[in-house]
Amino acid sequence: MAQGLRCLRAIADAYGHELTLEELPFGGAAIDLCGNPLPESTLNACLQADAVLLGAIGGPKWSAPEAKVRPEQGLLGLRKALGVYANLRPVKVHPALLSASTLKPEILEGVDLVFVRELTGGIYFGEKRRDARSATDVCTYSVEEVERIVRAAARLARQRRRKLVSIDKSNVLETSRLWREVTTRVMRTEFPDVSLEHMLVDSAAMHLIRRPRDFDVLVTENMFGDILTDEASMLAGSLGLLPSASLGEGTRGLYEPIHGSAPDIAGQGIANPCGTILSVALLLRHSLGLEAEAAALEEAVSKAIEQGARTPDVAASRDRSLSTSRVGDAVLERIRAA
Ligand code: IPM
Ligand code: MN
């Protein structure tokens, strides 16, 4: 988060923008402070802001199975309160990182896809029940919820290669049968110029690593999108690289890396800052309408990576890797040099 904020300030300076930044407690930090992962003062500030940049949340301190209050509840509450139902997760393979992935370079070359994950519905938000002998999570989707996410994905596909893949589990789930029906209708009536392919989620998981280049825009429900985007991050080389933008009806958005808080490496100063820095770029683009600034920041990250500024998760070897703040320095230098 520190590196993301440094980059945001540097871009604002370079282009002569004045930003009002406010830092607020959230997640585990807020639980420690006041027992609530999403304090009312934090929520109100987010509702009034043009955009929210979010640090990854969670950690062993707050994850005991019997815990009643969890950082993740704050995140789901914030997504819902902001109405950000469309979660964009772009996956682009940087040529210099082809060897960082566990997959073969010739499969990865030229991969450029975007997941549009439904973010405020489905099993994440359904009723939950628990007794001594069983547990229940309910998955519900309404026609309206499917329509609006499919429209968001199709509009995005129109700006790209006009190829939409919709992912569901309609051979088993009723919500998926509704999803498929609604998607087919919306696409046929409103987006006849965008090609639509339906794919079952198990098959999509396979095709994603078999022929990732074939994908352009992928739209799917909340939990499938959560799982598949962690898988897709390995196309780019590391979970630490991927940014996300969560949008609703207006331009207000919530921006966060797709990774978690990585408690296994916490405090070592080696977390990859690129997921957060690239989320800042998405924030500039989608909420502030600053396309040139967004592109400049993306270019700075790309150049820094190309010239070897890499944390251990994407470095060729540990002794050729840099710390989180050194990678931040490298990006800042390129912003200032541009
Ligand atoms: C993500 C995360 C969250 C999610 C968790 C932290 C609740 O994994 O943004 O992908 O499942 O949505
Ligand atoms: Mn996730």
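Just so you know, ligand 1 is whichever comes first in the structure, and atom 1 is the first atom listed for that ligand.
When the shell of 6.0 Å around CD of Glu23 is examined, it contains 12 or fewer heavy atoms from other residues, nucleotides or ligands.
In terms of protein heavy atoms, atom 11 (O) of ligand 1 is closest to Tyr124 OH, 2.6 Å. Atom 8 (O) of ligand 1 has its closest protein heavy atom at Asp226 OD1, 3.3 Å.
Counting atoms of ligand 1 from 1 in the listed order, those under 4.0 Å from a heavy atom of Arg117 are 1 (C), 4 (C), 9 (O), 10 (O), 11 (O), 12 (O).
When Val143, Val219, Thr184, Ile167 are each tested for a side chain to side chain contact (heavy atoms under 4.5 Å, CB included) with Trp179, only one passes: Val219.
Remark: the Ser170 side chain and the Arg180 side chain contain an N/O donor-acceptor pair separated by less than 3.5 Å.
With a heavy-atom cut-off of 4.0 Å, Arg89 touches ligand 1 through its side chain alone.
Here Ile265 sits in one hydrophobic cluster together with Ile270; the rule is ILVMFWY side chains under 4.5 Å apart, joined directly or through other members.
Residue Leu47 comes nearest to Arg252 through the heavy atom pair O-NH1, 2.7 Å, listed as atom of the first residue, atom of the second, then distance.
Within Asp226, the N, O or S atom lying nearest to the Mn ion (ligand 2) carries the name OD1.
Nearest to atom 3 (C) of ligand 1 by heavy atom, out of Arg79, Arg70, Glu256, Glu72, is Arg79.
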